[in-house]
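Encoded as structure tokens, the structure appears first; notes follow it.
Just so it is clear, the model here is predicted, and its values are computed rather than measured.
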Amino acid sequence: MATFSGVIVPMVTPFNRDENQTINYEAGEQLVEKLIAGGASGIFTFGSNGEFHVCTPDERIEFSKFVIEKVAGRVPVYVGTGACSTHDAVEMSKRAEAIGADALSVINPYFMGISDDQLKGYFETVAASVSIPVMLYNIPKSTGKNIPASVVAEVAQIDNVRGVKDSSGDMENLKSYIEVSAGHDVDVIVGSDGKISAAHALGATGAIAGTGNLITEVVVNLWKALEAGDDAEAQRLQAEVEPIRDILHLGSTPQTLKRSLELAGYPVGPARFPVNEVADGIDEKIVAMLDHYGISHE
């Protein structure tokens, strides 16, 4: 049975519009309930859409603990714990395990260039520091380095390394992960919402879909159609992901996604500085997108 499967939503981290852009826990609870009601298979805190990169370790742990408590076992909760420093990633991973995370998502070190051997050592050390499942997170456009399939093949031999999320958008790369993971009980998850159907066809076990924050049911039903072999419905629903993706491309992650949620009645606030509020004219485009989906808005 897959450890990582179905539609997992990398929830945005809600912020208040106060001086320090503090976390809005009440809005967080509202979003958790929305995602579970929409049929999400899991919730992932502090991925890219969760703005882990602009949150402190304490914020990440405290809000993740809150989410775990509010979810109360209804779906698994995965926590992002990767860092540039192996020490920091280990400390975050231990703390996430202690608060009850079901599994961890570990991004590879970013900013600096490291060798494949150093990357392998990083993942090995982080995985060895905890007993819960670990998922590698590949997003080369943000980290500057694609996790090679050769590294995945070696790290996949570690008992609690149970998944790889590929947000490269390169289906050949995802396919290579599936090939080297075979026989190691390691799931490969797609992180590119526009390629969920293509990834499923190659053998991906699920999707971590940022669009699921807003159109949860659309993405969940897409995955259900793929699993049921309903090609026509899957094709229709995959196309239905595009209107929101067009909006997401109008700003920095997760600037326009959060504004879309706000206009739909979920007070998740803005992205954290240095990302500003959305530009003039964007709200009108978001409203048109919400109308397309039949989502009521302010």
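For the residue pair Val152 and Ser181, the shortest heavy atom distance occurs at CG1-OG, 3.9 Å. Heavy atoms only, all atoms of each residue included: Ser260 and Met289 are closest at OG-CE, 3.5 Å. For the pair Leu174 and Ala199, the tightest heavy-atom approach, listed with the atom from each and the gap, is CD1-CB, 4.1 Å. The two atoms that bring Thr216 and Asn213 nearest to each other are OG1-O, 4.0 Å, heavy atoms only. Considering every non-hydrogen atom in both Ala40 and Val9, the closest pair reads CB-CG2, 3.9 Å.
Between Ser93 and Val90, every side-chain heavy-atom pair lies at or beyond the 4.5 Å cut-off. Looking at Gln255 and Pro270, their side chains never come closer than 4.5 Å, going by heavy atoms from C-beta outward. A 4.5 Å side-chain heavy-atom check between Ile132 and Asp102 finds every atom pair outside the cut-off. Between Gln30 and Pro267, some side-chain heavy-atom pair lies under the 4.5 Å cut-off. Within the 4.5 Å cutoff, side-chain heavy atoms of Trp223 are placed close to those of Glu227. For the pair Lys70/Tyr25, no side-chain contact is recorded, criterion being any heavy-atom separation below 4.5 Å from C-beta on. Val71 has its side chain within reach of Val32: a pair of non-hydrogen atoms, C-beta onward, lies under 4.5 Å apart. Counting only heavy atoms from C-beta outward, the side chains of Val186 and Met135 never approach each other to under 4.5 Å.
Using a 4.0 Å cut-off between charged nitrogen and carboxylate oxygen, Arg236 and Glu240 do not count as a salt-bridge pair. Salt bridge annotation for Arg60-Glu51: absent, with no cationic side-chain nitrogen under 4.0 angstrom from a carboxylate oxygen. Ion pair Arg245/Glu242 flagged as a salt bridge, since at least one NZ, NE, NH1 or NH2 atom sits closer than 4.0 Å to an Asp/Glu carboxylate oxygen. Salt bridge status for Glu262 with Arg259: present, with a side-chain N to carboxylate O gap under 4.0 Å. A salt bridge between Asp187 and Arg162 is absent, with no side-chain N of the basic residue lying under 4.0 Å from a carboxylate O of the acidic one. With respect to Arg17 and Glu277, a salt bridge is recorded, a charged nitrogen being found less than 4.0 Å from a carboxylate O. Classification of Asp166 and Lys195 as a salt-bridged pair fails, no side-chain N sitting under 4.0 Å from a carboxylate O.
Residue Ile147 holds its CD1 atom at 5.5 Å from CG of Leu119, rounded to the nearest 0.5 Å. Note that CD1 of Ile189 is 5.0 Å distant from CD1 of Ile8, once rounded to the nearest 0.5 Å. The distance from atom CD1 of Ile295 to atom OH of Tyr266, rounded to the nearest 0.5 Å, is 8.5 Å. Annotation: the span from Asn138 atom CG to Asn173 atom CG amounts to 5.5 Å, rounded to 0.5 Å. Here the OG-CD1 distance, from Ser105 to Ile208, works out to 6.0 Å after rounding to the nearest 0.5 Å. Between the CD atom in Glu97 and the OG atom in Ser129 there is a gap of 7.5 Å [rounded to 0.5 Å].
A donor-acceptor pair is defined here as one N or O able to donate and one able to accept, closer than 3.5 Å; such a pair exists between the side chain of Asp18 and the backbone of Thr22. Proximity of a side-chain donor or acceptor of Asn160 to a complementary backbone N or O of Val130 within less than 3.5 Å is detected. Formation of a donor-acceptor pair under 3.5 Å by the Gln21 side chain with backbone atoms of Asn16 is not found in this model. Judged by distance alone, with hydrogens and angles left aside, the side-chain atoms of Ser192 form no donor-acceptor pair with the main-chain N or O of Gly194 at under 3.5 Å. Of the possible polar contacts, none joining the Tyr78 side chain to the Pro10 backbone as a donor-acceptor pair under 3.5 Å is found. Of the possible polar contacts, none joining the Tyr293 side chain to the Leu214 backbone as a donor-acceptor pair under 3.5 Å is found. Using a distance-only test at 3.5 Å, with no hydrogens or angles considered, no donor-acceptor pair links the side chain of Asn221 to the main chain of Val218. In terms of modelled atom types and a separation under 3.5 Å, the side chain of Arg74 and the main chain of Ile36 share no donor-acceptor contact.
For the side-chain contact (heavy atoms from CB on, under 4.5 Å) with Ser64, the qualifying choice from Thr81, Thr45, Thr13 is Thr45, the only one to do so. Across Leu263, Ile247, Ile215, a single residue satisfies side-chain contact (heavy atoms from CB on, under 4.5 Å) together with Leu290, and that is Leu263.
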Pair Phe63, Met11 - check side-chain contact (heavy atoms from CB on, under 4.5 Å), show working. CA-CA 12 Å; Phe63 185 66; Met11 70 178 286; 4.0 Å; yes
Start with the C-alpha distance between Ile139 and Ser48, add both sets of side-chain angles, then the distance that settles side-chain contact (heavy atoms from CB on, under 4.5 Å), and finish with yes or no. CA-CA 9 Å; Ile139 182 165; Ser48 302; 3.8 Å; yes
Please determine whether side-chain contact (heavy atoms from CB on, under 4.5 Å) holds for the pair Leu202 and Met171, giving the CA-CA distance in whole Å, both sets of side-chain angles, and the decisive distance to 0.1 Å. CA-CA 8 Å; Leu202 292 174; Met171 291 297 99; 4.0 Å; yes
How far apart are the C-alpha atoms of Lys165 and Phe4, what are their side-chain angles, what is the distance that settles it, and do they pass the side-chain contact (heavy atoms from CB on, under 4.5 Å) test? CA-CA 9 Å; Lys165 175 194 177 186; Phe4 302 98; over 6 Å; no
Verdict with supporting geometry, Arg95 and Glu91, salt bridge (charged side-chain N to carboxylate O under 4.0 Å, His left out): CA-CA 6 Å; Arg95 293 179 70 184; Glu91 289 304 304; over 6 Å; no
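Annotation: cation-pi geometry satisfied between Arg272 and Phe15 (NZ/CZ under 6.0 angstrom from ring centroid, within 45° of ring axis).
More than 12 non-hydrogen atoms from other residues, nucleotides or ligands lie less than 6.0 angstrom from NE2 of His249. Counting non-hydrogen atoms of neighbouring residues, nucleotides and ligands closer than 6.0 angstrom, the CG atom of Asp280 reaches no more than 12 such neighbours. Counted within 6.0 Å of NZ on Lys34, heavy atoms from surrounding residues, nucleotides or ligands total more than 12; the atom is thus considered enclosed. Heavy-atom contacts from other residues, nucleotides or ligands closer than 6.0 Å to CG of Asp230 number more than 12. For Gln235, the CD atom counts as loosely surrounded, since its 6.0 Å shell holds 12 or fewer non-hydrogen atoms of other residues, nucleotides or ligands.
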Identify each donor-acceptor pair in which a side-chain atom of residues 106-114 lies under 3.5 Å from a protein atom, sequence neighbours left out, and give them as a table.
residue : atom : partner : partner atom : Å
Asn108  : ND2  : Thr143  : OG1          : 3.4
Asn108  : ND2  : Lys145  : O            : 3.3

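Put simply, Ile158 and Val188 are part of the same group of oily side chains (I, L, V, M, F, W, Y) that touch within less than 4.5 Å, one to the next.
Taking the side chain to side chain donor-acceptor pair (under 3.5 Å) definition, one finds that Glu154 meets it with nothing, sequence neighbours left out.
Under the 30°/60° scheme for interplanar angles, the aromatic rings of Phe44 and Tyr137 are found to stand perpendicular.
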